[in-house]
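Chain identifiers are assigned alphabetically (A, B, ...) following the order of the sequence lines, protein sequences preceding nucleic acid strands; residue numbering begins at 1 within each chain.
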There are 2 protein chains.
Amino acid sequence: MRVTIKDVARKAGVSTATVSLVLHDNRRISVETRKRVLKAIHELEYQPSQLARGLVMKQTGNIGFILTEDHFLRTEPFYTRIFLGTEFEARESSHFVLLTTIPTQFTEENSLPRFVTQQSVDGIIVAGKVPQLLIEKLKHYNMPFIFIDYYPPKGDYSAVLIDNIHGGMVATEHLIKLGHKEIAFIGGDMEHPSINERYIGYKMALEKHGIRYRSELVITSEEATGKESGLHAVCSLLDRDIKFSALFACNDAMAIGAMECLRKRGLKIPDQVSVVGFDDIESDVFQDPPLTTIAVPKFDLGIEAMRLMREVLANKVRKNKKVLVPVELVLRKSTSPLKK
Amino acid sequence: MRVTIKDVARKAGVSTATVSLVLHDNRRISVETRKRVLKAIHELEYQPSQLARGLVMKQTGNIGFILTEDHFLRTEPFYTRIFLGTEFEARESSHFVLLTTIPTQFTEENSLPRFVTQQSVDGIIVAGKVPQLLIEKLKHYNMPFIFIDYYPPKGDYSAVLIDNIHGGMVATEHLIKLGHKEIAFIGGDMEHPSINERYIGYKMALEKHGIRYRSELVITSEEATGKESGLHAVCSLLDRDIKFSALFACNDAMAIGAMECLRKRGLKIPDQVSVVGFDDIESDVFQDPPLTTIAVPKFDLGIEAMRLMREVLANKVRKNKKVLVPVELVLRKSTSPLKK
DNA sequence: TATTTTTAGTTAAACGATTAACGAAATGAA
DNA sequence: TTCATTTCGTTAATCGTTTAACTAAAAATA
């Protein structure tokens, strides 16, 4: 049988209320009594029942974490790292994180995760781009939710986001400082806020340094944001004989595809074209040359989301807060000063 | 305020006990009353509190899922797929799965996952190879645990395992049927039960078909089981001028490394050397040529573990049961009939 | 008809915590 | 000395379920 608060109370010769008060650091209990209780707790290896506690406190102690199947199963451990950050930070407040996936194509037929309908969580964290329908359905439940790395096009929410604009600026400025003026940008799925923001950063950097924005240097027509799109985008640039000495890809996958194309066409990286990516995925280091990129601190994103969740849970009146997690330029070998 | 069983009882004009009995399909309740109660439940959208339920039933409804950090963050979504299977199957019995990671080097300083010490789970699933120390610590708690894809060297446990021996046989027999007689085996980390079993399967297949086992065709000295090890193993074979027309690698990573070496040395795959791997990882398809392999159903492993957990939970007296999940040969382009 | 059995439901205790309200003893103020 | 405060704990209600034990009415049996 499990050790309960009653056993502790009996052993320490006090009431269960006293034990509970000790557990909650209530100063109404004298130092000696406190010690006695603590001793009993320790000797019996007492662990409060989360169930009983939750029942009276009206909270489950659980946080739901929702990902689309695609995102969870991605080869690149992006969202898994974010989850890990959340799970890690959850330990600080004794929360548990219930991870579940939803179909990438979430339709009317699909039901919400069980932890939502059963109200088995105190709050929900949604990571990555999810269908609008999911969000609409979630709203019906009186539970706070927080987005990570995605901000729905309409509505006002709490969210933990990558500082994409700044990242886009830093990436572009890095190239500018190396002397580049003809800097191409390749992106895809421009509806995605993150991608779009990186693009904005690119434009802002150009403006700041007095470099004219040239639309022929920009590819935003790709559907996807994978390696193939990157390859395709750069090839189309090359096919049209457009000259550029540097290239900023909206993410590393596209950057890697881009490099593949450049290599195929016999262009030397970084001597003839410098390349900067965004994300800092694992395979960057194994590229030839290793890819210079903007590092996104995945773990931190998860941590920040959990912290924000705690704030929201503690004080419901708070307005929707956004946290921008800073990014960092990681210098590797795919960029170099402009050669004449 | 949350809708409780009391609200339902009031609305249906019965006692809370009746509602509870209806919820549990007790036949003591007449059809009409039952209908009335069900109607009330539906109209109020009543959802029983898992907390209250768990408190009286003395079960949490949670299952803990433990992975080492390395395994969770692996680029190849192997363990994540297993987890997904467990999470999926958990829905059947309204369980929640609490996923957590432990340091890959789990030492005395590291504490067990909180859900263990706090007894917030009814059972524990451990996936992949974990330090023996973890297992020893886990034993102190009166909780059933089940291993997936790993069986500790000592002790007797419930486990869901890949049918490695059979897989090893199938892979080898496939090569034999193609006419190959000089079949090399490359493996690493031979202490790992899975690897060792695949090796056993290899030997059994040879014996079954009357092919003499030749130790010079076998490399078991590699420390790791990655791409580099595969490359190194095959190179060392080639360096010693050992002839073989086919190769069975203990996993796909090593197989891919092996192919890299073969390609470097100018050997054609599959014309000069046929290669079979094991695991069926995502990148197999992108190899040149695509890798023939033994497919491991990751999702199923997770499902089986959850099912087994339910059995264990329902009937504690049951002896430790092992489930062997069948594997399947996946024909791609890296094997072909022996050419004279 | 009287008695037993079955049916259909209720009552109330229990699960293991938290906490408002209360109270006895010690301390302080008048 | 008397009354008010403070200190240190306790009592008891509560959270939302489940279920053993009970009961009243109906049905079956004698």
Side-chain angles (χ1 to χ4, degrees), chain A residues 1-41 44-62 94-96 115 117-122 142 314, chain B residues 1-41 44-62 94 96 117-122:
Chain A
M1 239 359 26
R2 176 179 193 129
V3 176
T4 73
I5 201 170
K6 277 188 195 167
D7 302 316
V8 176
R10 195 176 314 120
K11 177 142 195 165
V14 296
S15 72
T16 62
T18 303
V19 178
S20 178
L21 291 173
V22 167
L23 244 26
H24 290 84
D25 277 330
N26 191 304
R27 65 178 192 293
R28 201 154 76 212
I29 308 299
S30 71
V31 189
E32 304 92 74
T33 311
R34 186 187 168 68
K35 260 191 201 153
R36 255 198 355 272
V37 172
L38 253 19
K39 185 156 170 272
I41 288 178
L44 295 173
E45 297 186 43
Y46 166 68
Q47 290 284 357
S49 156
Q50 297 304 313
L51 291 176
R53 191 171 264 183
L55 185 58
V56 38
M57 307 283 277
K58 289 175 179 312
Q59 47 173 38
T60 64
N62 297 331
S94 290
H95 277 103
F96 288 121
F115 58 59
T117 59
Q118 284 186 357
Q119 306 180 66
S120 295
V121 293
D122 302 327
N142 189 27
Chain B
M1 240 356 31
R2 173 177 194 133
V3 175
T4 74
I5 201 169
K6 277 188 194 165
D7 302 315
V8 176
R10 194 176 314 121
K11 177 142 194 164
V14 295
S15 71
T16 62
T18 302
V19 178
S20 178
L21 291 172
V22 167
L23 245 26
H24 290 84
D25 276 328
N26 191 304
R27 66 177 194 293
R28 205 154 74 210
I29 307 300
S30 71
V31 189
E32 306 91 74
T33 311
R34 186 188 169 68
K35 259 191 204 153
R36 257 202 347 276
V37 171
L38 253 19
K39 186 155 170 273
I41 287 178
L44 295 173
E45 296 187 44
Y46 166 68
Q47 290 284 358
S49 155
Q50 297 304 313
L51 289 176
R53 191 171 261 183
L55 185 57
V56 38
M57 307 283 276
K58 289 177 179 311
Q59 47 174 38
T60 64
N62 297 332
S94 290
F96 288 121
T117 58
Q118 277 184 194
Q119 305 180 64
S120 295
V121 294
D122 301 328

Visitor: Rounding to a whole Å, what distance do you find between A:Met57:CE and C:dA17:P?
Guide: 13 Å
Visitor: Map B:Lys58 and B:Ile29 onto DNA chain C by nearest heavy atom, then report which one ends up closer to the 5' terminus.
Guide: B:Ile29
Visitor: Base of D:dT10, side chain of A:Arg28 - is there a donor-acceptor contact under 3.5 Å?
Guide: yes
Visitor: Are OP1 or OP2 of C:dT7 and a side-chain N or O of B:Ser30 less than 4.0 angstrom apart?
Guide: no
Visitor: Looking only at the side chain of A:Ala17 (C-beta and beyond, no hydrogens), which of the listed nucleotides C:dG16, C:dG9, C:dT19 gets closest?
Guide: C:dT19
Visitor: Find which nucleotide of DNA chain C each of A:Val56 and B:Arg34 is nearest to by heavy atoms, and output the residue with the more 5' nucleotide.
Guide: B:Arg34
Visitor: Side chain of B:Leu55 only, please: which of C:dC15, C:dA8, D:dT17 is the nearest?
Guide: C:dC15
Visitor: Any side-chain heavy atom of A:Lys11 within less than 4.5 Å of one from A:Tyr46?
Guide: no
Visitor: Whole angstrom is fine here: how far is it from CD in B:Gln119 over to C1' in C:dA17?
Guide: 15 Å
Visitor: The side chain of B:Leu23 lies closest to which of these nucleotides: D:dT18, C:dT18, D:dG9?
Guide: D:dT18
Visitor: Starting at the 5' end of DNA chain D and moving along, which residue's nearest nucleotide shows up first, A:Val31 or B:Thr4?
Guide: A:Val31
Visitor: A:Ser49 has a side chain; which of D:dG16, D:dG9, C:dG16 sits nearest to it?
Guide: C:dG16
Visitor: How many whole angstroms separate atom CZ of B:Arg2 from atom P of D:dG16?
Guide: 8 Å
Visitor: B:Leu51 CG to D:dT17 P: how many Å, rounded?
Guide: 10 Å
Visitor: Is a donor on one side and an acceptor on the other found under 3.5 Å between the side chain of A:Arg2 and the backbone of A:Gln47?
Guide: yes
Visitor: Just so I know, are the side chains of B:Arg34 and B:Asp25 near enough to count as touching, which here means a heavy-atom distance under 4.5 Å?
Guide: yes
Visitor: Looking at B:Gly13 and B:Arg36, what are the two nearest heavy atoms and their distance?
Guide: O-NH2, 4.1 Å
Visitor: Using atom NZ of B:Lys6 as one end and atom C1' of D:dT18 as the other, report the distance to the nearest whole Å.
Guide: 14 Å
Visitor: Counting only side-chain nitrogens and oxygens, does B:Thr16 get under 4.0 Å of the OP1 or OP2 atom of D:dG16?
Guide: no
Visitor: At under 4.0 Å, does any side-chain N or O of A:Ser20 touch on OP1 or OP2 of C:dT18?
Guide: yes
Visitor: To the nearest Å, how far apart are A:His24 NE2 and D:dG9 P?
Guide: 18 Å
Visitor: Which part of the nucleic acid, if any, lies within contact of A:Val19, taking any heavy atom under 4.0 Å across all strands shown: a base, the sugar-phosphate backbone alone, or nothing?
Guide: nothing
Visitor: Can you check whether B:Ile41 reaches B:Leu23 side chain to side chain, under 4.5 Å on heavy atoms?
Guide: yes
Visitor: Look at the side chain of A:Thr33 and decide which nucleotide, out of D:dC8, C:dG9, D:dT18, has an atom nearest to it.
Guide: D:dC8
Visitor: Distance check needed: C:dG16 P versus A:Gln59 CD, whole Å only.
Guide: 20 Å
Visitor: Without swapping roles, check the side chain of B:Thr60 against the backbone of B:Ser120 for a donor-acceptor pair under 3.5 Å.
Guide: yes
Visitor: Has B:Arg53 got a side-chain N or O lying under 4.0 Å from the OP1 or OP2 atom of D:dG16?
Guide: no
Visitor: Would you kindly give the CZ-to-C1' distance between B:Arg10 and C:dT10, to the nearest whole Å?
Guide: 17 Å
